[in-house]
Amino acid sequence: MVAGQRLVDIFQPTHYDIYLDINRVTKDISGKVAIKGNAKQTEILLHQKFMTVQRVMIDDQVVNATVDDDSETIAFTAPHTGEMTIYVDYTAPLTDTMMGIYPSYYQINGEKKQLIGTQFETTAARQAFPSIDEPAAKATFSLAIKYDEQAGETIIANMPEEKVIDGVHYFAETVKMSTYLVAFAFGDMQSKLTQTKSGVQVGVFSTKAHQASELNFALDIAKRAIEFFEDYYQTPYPLPHSWQLALPDFSAGAMENWGLVTYREAYLALDENNASLEMKQRVATVIAHELAHQWFGDLVTMQWWDDLWLNESFANMMEYVAIDALEPDWHIWELFQTSEAASALQRDATDGVQSVHVQVEEPAEIDAIFDGAIVYAKGSRMLVMVRALIGDDALRRGLKAYFEAHQYGNARGANLWAALGQAAGIDLTTMMNTWLEQPGYPVLTVEVVDGQLQVRQQQFFIGNGVDQARQWQIPLNSNYAAVQELMVTNKLVLGDYKTMRQNAGTPFRLNVGNTAHFIVNYEPDLLQEILSDIDNLDAITQLQLLQDLRLLAEGRQISYAVIVPLLRSFANSHSGVVNTALYQVVNNLKKFVTADTKAESQLQQLVNQLSVNQFTRLGWQGQSDEAVANQVSRPVIVNASLYAQNEVAISSAHELVMTNRAALVALPADVRADILANEVKRYGNRALFDQLLSDYQTTSDGGYQRDIMTALTKTKDVDLIKEIITSFKNSDVIKPQDLRGWYSGILNNDQGQQLAWDWLRDEWAWLEKTVGGDMEFTTYITVTAAVFKTAKRLAEFKDFFEPKLDTPGLGREITMDVNVIAGRVALITDEKTAVHQAISKEA
């Protein structure tokens with residue numbers, strides 16, 4: 001093959017007949033596949049992984065085949081080119097890596113059971129059946145599945161079941177689609193069904209470990225989301241059903257398999273009567289994200305993985321568009337500002353970060369580009385920026401044209417910009433290429449020079465960065481009407497500031513609404529003008545000021561000591577986004593202090609002064625009709641109050657635990673994690689530890705499980721920390737899908753950091769074997785770098801990870817995270833004294 005050539009360029013499949021015989025006891029798969037297609041040459045390659053191939057035939061002729069596990073292929077010579085049917089008989093294993101066809105494990109009344117499911121994205125369909133396992137190799141699929149079926153079990157797939165003959169379940173032929181979207185599952189399941197206005201069957205499926213009522217919330221959101229998207233896209237949902245399935249073991253958050261979407265249980269099953277607003281929002285946005293994909297990703301699919309953003313960035317934006325329409329009282333775009341925008345701005349400021357559009361070839365490289373802060377968060381910010389620029393009507397017209405032109409096929413980013421640009425009557429391609437093809441983003445410095453208001457752009461870095469004179473086409477979104485819409489040069493002279501200021505009657509600002517991906521560094525006088533009017537600024541503007549000041553301090557363009565005196569100006573806000581942004585700054589100050597020192601005590605005093613009135617106002621639990629802003633603010637304020645050693649908060653949290661000791665799950669869900677963490681840290685004992693760990697293993701409530709993990713990793717008892725770490729490799733206690741959270745929690749614990757770090761280094765080979773095949777593996781490096789802040793830890797990090805720089809998929813992350821830690825160490829060294837003085841003065 002020529003370098004960079006795709007297998008689909010040699011053989012284009014048109015239809016697969018797939019027969020699978022799956023034995024759960026022996027963990028064996030016996031398969032037969034017949035692939036109809038067109039060969040451009042006689043030397044043909046199919047993808048496979050972990051397979052034993054018994055026979056390959058072309059039409060009715062057996063051919064010699066060579067299996068190459070390194071390239072994950074089967075190679076053979078066809079007797080002719082053109083139309084043919086390739087037959088392959090093979091066996092393959094069920095895996096325990098949460099990739100391919102694999103068992104999920106769960107318990108009911110102490111009995112261990114399993115549910116078989118699939119995860120084929122990115123390149124794991126080839127573990128299930130020989131194929132051209134590339135996005136552009138779209139075909140139709142007919143599934144026939146036999147398994148060691150027990151009475152009462154259910155099997156579901158992308159399409160409806162048509163018949164069962166001799167224990168073989170036959171499913172209707174799919175529409176034309178990519179291999180990574182094929183899905184099925186079987187086991188002892190329960191379900192709830194409904195129907196959309198247009199007649200699409202919608203169902204939610206789970207194991208019977210869940211209460212049936214836990215499926216109601218997801219069913220309602222899924223039904224309404226499909227109805228919303230059919231209207232918004234002006235394109236019907238093209239399949240007869242949309243099943244949502246909760247898998248007990250699942251490495252990602254969810255997966256958009258066409259017609260059979262799979263989820264982590266925590267992101268689908270939900271107890272509405274005792275779920276936090278955060279969990280409701282998370283479940284709803286995850287469902288909306290995956291259902292947005294049914295059109296954007298499934299109906300029209302990226303040509304190759306380098307355009308992954310085309311799937312994920314768009315679905316990430318549309319989850320907010322949909323939920324904003326379905327649940328307007330949630331003000332979900334505020335969550336976008338405090339989560340997606342904040343994540344993208346932080347990650348994208350590190351030198352070496354990938355661009356949104358990035359070249360990839362090998363499977364490990366493909367898995368490594370699923371950077372949540374870039375492909376998802378930054379990419380969705382790009383699309384929000386476009387939506388703000390062209391308007392919703394043009395966006396919808398453009399999408400309708402895009403779907404009509406490319407349905408059941410593949411597309412590239414240029415096709416989307418062409419469709420949206422034509423609908424809006426502007427050239428989007430040139431502008432968007434500056435954002436998608438380049439890593440990073442600009443800081444716009446605003447100053448008055450010789451009376452003239454000037455703006456200049458330069459790439460913004462946190463830590464060391466090599467300025468490569470990158471330039472962006474920037475929607476300025478100014479509050480001054482006289483300012484042009486787009487900045488396409490490095491510097492702009494906008495005009496006489498006094499005149500402009502007098503005409504506008506308000507301080508000058510850029511990026512109004514915080515919809516564009518840049519930050520602003522106003523010269524001190526201009527910043528002071530904005531801050532002097534703080535009470536009249538809307539919540540998003542206040543968030544933006546805090547966000548930009550924090551980033552500028554991280555990037556060494558201002559001092560953190562300058563920000564400390566400003567914090568009181570925001571402390572009494574009733575806005576959820578302002579409180580979230582304020583305590584993001586406060587939490588960043590913690591890195592400058594060491595536990596149990598005078599400096600930490602002074603920071604705690606300051607945090608208490610900032611939060612005490614808010615804690616009194618909000619308390620532990622709101623009313624049923626309480627404003628969403630209060631529900632968002634409460635966990636932020638509670639967390640701050642407990643850190644601040646607020647005696648009322650500490651003692652009343654303990655009282656809540658004592659009152660609810662028999663059923664800790666009944667604690668107020670919005671603040672349950674903080675209540676439990678307070679108890680573990682300050683009143684913890686063996687009995688509490690055992691109770692929480694037992695609850696963790698037996699509850700079906702994903703939110704409660706997460707809260708327990710948060711709490712138990714805060715213990716100060718080193719023996720209990722060691723016990724937790726001993727369970728890291730015990731999947732009966734901590735599932736591999738949840739291990740990263742436990743590891744990160746212990747690493748963040750001063751009493752546990754050394755133990756967790758030693759474990760990671762000692763068990764790296766086991767970790768790579770256990771979770772190394774999925775897109776989350778590199779995040780173990782990321783979460784480690786997020787904690788380390790000393791020169792000693794930096795040296796240890798480099799010693800361990802730099803020898804792994806050539807490991808496929810790891811090099812970029814290692815290089816970036818060395819930079820992240822080094823930048824943090826330098827920042828603390830240089831700023832610590834000034835920050836301590838500022839905190840001392842304010843406290």
Side-chain angles (χ1 to χ4, degrees), residues 276-282 320 329-343 345-346 513-514 530-531 533-551 553-554 560 563-590 603-623 625-646 648-649 652-653 668-675 677-678 710 839 842-843:
S276 66
L277 174 65
E278 179 196 5
M279 281 307 298
K280 290 178 181 177
Q281 289 178 331
R282 182 172 300 192
Y320 290 92
D329 291 344
W330 285 358
H331 307 292
I332 200 72
W333 282 109
E334 293 187 350
L335 178 64
F336 183 89
Q337 294 282 6
T338 55
S339 58
E340 313 290 351
S343 170
L345 288 165
Q346 188 74 30
N514 200 31
I530 297 171
L531 291 171
D533 195 37
I534 194 86
D535 292 338
N536 294 319
L537 297 176
D538 63 86
I540 296 300
T541 302
Q542 292 188 43
L543 165 141
Q544 189 176 7
L545 286 167
L546 286 162
Q547 158 205 281
D548 287 11
L549 289 169
R550 176 181 60 80
L551 289 164
E554 290 283 317
Y560 261 110
I563 304 177
V564 173
L566 304 178
L567 299 179
R568 292 185 193 278
S569 300
F570 301 89
N572 293 317
S573 174
H574 287 200
S575 163
V577 291
V578 174
N579 284 316
T580 301
L582 172 62
Y583 288 96
Q584 283 177 341
V585 175
V586 169
N587 288 332
N588 269 271
L589 293 175
K590 293 177 184 177
L603 177 58
Q604 288 169 330
Q605 289 176 44
L606 174 58
V607 176
N608 190 52
Q609 291 167 22
L610 294 173
S611 61
V612 64
N613 290 338
Q614 294 273 39
F615 179 76
T616 301
R617 179 177 73 87
L618 294 167
W620 290 107
Q621 193 163 17
Q623 304 302 313
D625 59 348
E626 183 181 43
V628 166
N630 286 348
Q631 296 178 60
V632 172
S633 297
R634 181 172 290 104
V636 175
I637 297 300
V638 162
N639 182 272
S641 299
L642 293 171
Y643 171 77
Q645 306 283 349
N646 180 317
V648 174
S652 56
D670 279 318
V671 289
R672 185 172 53 205
D674 288 299
I675 295 171
N678 177 73
T710 299
I839 291 170
E842 289 299 312

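Bear in mind the structure is a predicted one, so any value in this text is a computation, not a measurement. The residues of the chain are indexed from 1 along the displayed sequence.
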A.B. asks: Taking Gln631 for the side chain and Glu626 for the main chain, is one N or O donor matched with an acceptor at less than 3.5 Å?
C.D. replies: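 Yes, the answer is positive, given that a donor and an acceptor are paired below the 3.5 Å cut-off.
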A.B. asks: Suppose we screen for side chain to side chain contact (heavy atoms under 4.5 Å, CB included). Which residues come up paired with Gln621, at least two apart in sequence or across chains?
C.D. replies: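 Checked Gln621 against side chain to side chain contact (heavy atoms under 4.5 Å, CB included); matches are Pro668.
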A.B. asks: Closer than 4.0 angstrom, basic N to acidic O: yes or no for Arg550 and Glu554?
C.D. replies: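 No.
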A.B. asks: Any side-chain to backbone donor/acceptor pair from Asn608 onto Gln645? Under 3.5 Å, distance only.
C.D. replies: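 No, the answer is negative, given that no donor and acceptor are paired below the 3.5 Å cut-off.
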A.B. asks: With sequence neighbours left out, write down each residue that passes side chain to side chain contact (heavy atoms under 4.5 Å, CB included) with Thr338, or none if nothing qualifies.
C.D. replies: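 With neighbours one apart ignored, the set is Leu335, Leu543, Val577, Thr580.
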A.B. asks: Drop me the distance from Tyr583's OH to Leu567's CG, to the nearest 0.5 angstrom.
C.D. replies: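 Reported value, rounded in 0.5 Å steps: 9.0 Å.
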A.B. asks: Could you list the residues that satisfy side chain to side chain contact (heavy atoms under 4.5 Å, CB included) with Asp674, not counting sequence neighbours?
C.D. replies: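 Partners of Asp674 by the side chain to side chain contact (heavy atoms under 4.5 Å, CB included) criterion, ordered by chain and then number, come out as Val638, Asn639, Leu642.
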A.B. asks: Identify, with sequence neighbours excluded, every residue that meets side-chain hydrogen bond (donor to acceptor under 3.5 Å, both in side chains) alongside Ser641.
C.D. replies: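 Checked Ser641 against side-chain hydrogen bond (donor to acceptor under 3.5 Å, both in side chains); zero matches.
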A.B. asks: Kindly say whether Asn536 contributes a backbone atom to a donor-acceptor pair with the side chain of Asp533 at under 3.5 angstrom?
C.D. replies: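 No: the side chain of Asp533 does not pair with the backbone of Asn536.
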A.B. asks: So do the side chains of Asn514 and Gln547 get within less than 4.5 Å of each other, counting heavy atoms only?
C.D. replies: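 The answer is yes, as the side chains (C-beta and beyond) meet within the 4.5 Å cut-off.
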A.B. asks: Does any N or O in the side chain of Asn630 come within less than 3.5 Å of the main-chain N or O of Leu618, such that one atom is a donor and the other an acceptor?
C.D. replies: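 No; zero donor-acceptor contacts below 3.5 Å.
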A.B. asks: Examine distances only and state if a side-chain atom of Glu278 and a backbone atom of Ala669 form a donor-acceptor pair shorter than 3.5 Å.
C.D. replies: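 Not confirmed, Glu278 side chain does not pair with Ala669 backbone.
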A.B. asks: Less than 3.5 Å apart, any donor N or O on the side chain of Asn572 or Arg617 sitting next to an acceptor on the other?
C.D. replies: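 Result is no, nothing qualifies.
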A.B. asks: Gln609: what forms a side-chain hydrogen bond (donor to acceptor under 3.5 Å, both in side chains) with it, not counting sequence neighbours?
C.D. replies: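 Partners of Gln609 by the side-chain hydrogen bond (donor to acceptor under 3.5 Å, both in side chains) criterion, ordered by chain and then number, come out as Arg568.
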A.B. asks: Measure from the side-chain N and O atoms of Gln544 to the backbone N and O of Gly513, and report whether any donor-acceptor pair falls under 3.5 Å.
C.D. replies: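 No, Gln544 side chain to Gly513 backbone: no donor-acceptor pair under 3.5 Å.
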A.B. asks: Taking only residues two or more places apart in sequence or in another chain, which ones pass side chain to side chain contact (heavy atoms under 4.5 Å, CB included) with Ala629?
C.D. replies: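 Side chain to side chain contact (heavy atoms under 4.5 Å, CB included) check on Ala629 returns nothing, list empty.
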A.B. asks: Hey, does the side chain of Gln542 reach the backbone of Leu537 with a donor-acceptor pair shorter than 3.5 angstrom?
C.D. replies: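 Confirmed, Gln542 side chain pairs with Leu537 backbone.
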A.B. asks: Should Gln584 and Leu546 be marked as a side chain to side chain contact (heavy atoms under 4.5 Å, CB included) after you check the CA-CA gap, both sets of side-chain angles, and the distance that decides it?
C.D. replies: CA-CA 9 Å; Gln584 283 177 341; Leu546 286 162; over 6 Å; no
A.B. asks: Quick one: does Ile534's side chain get under 4.5 Å of Leu545's, heavy atoms only?
C.D. replies: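 With C-beta onward as the side chain, the pair touches.
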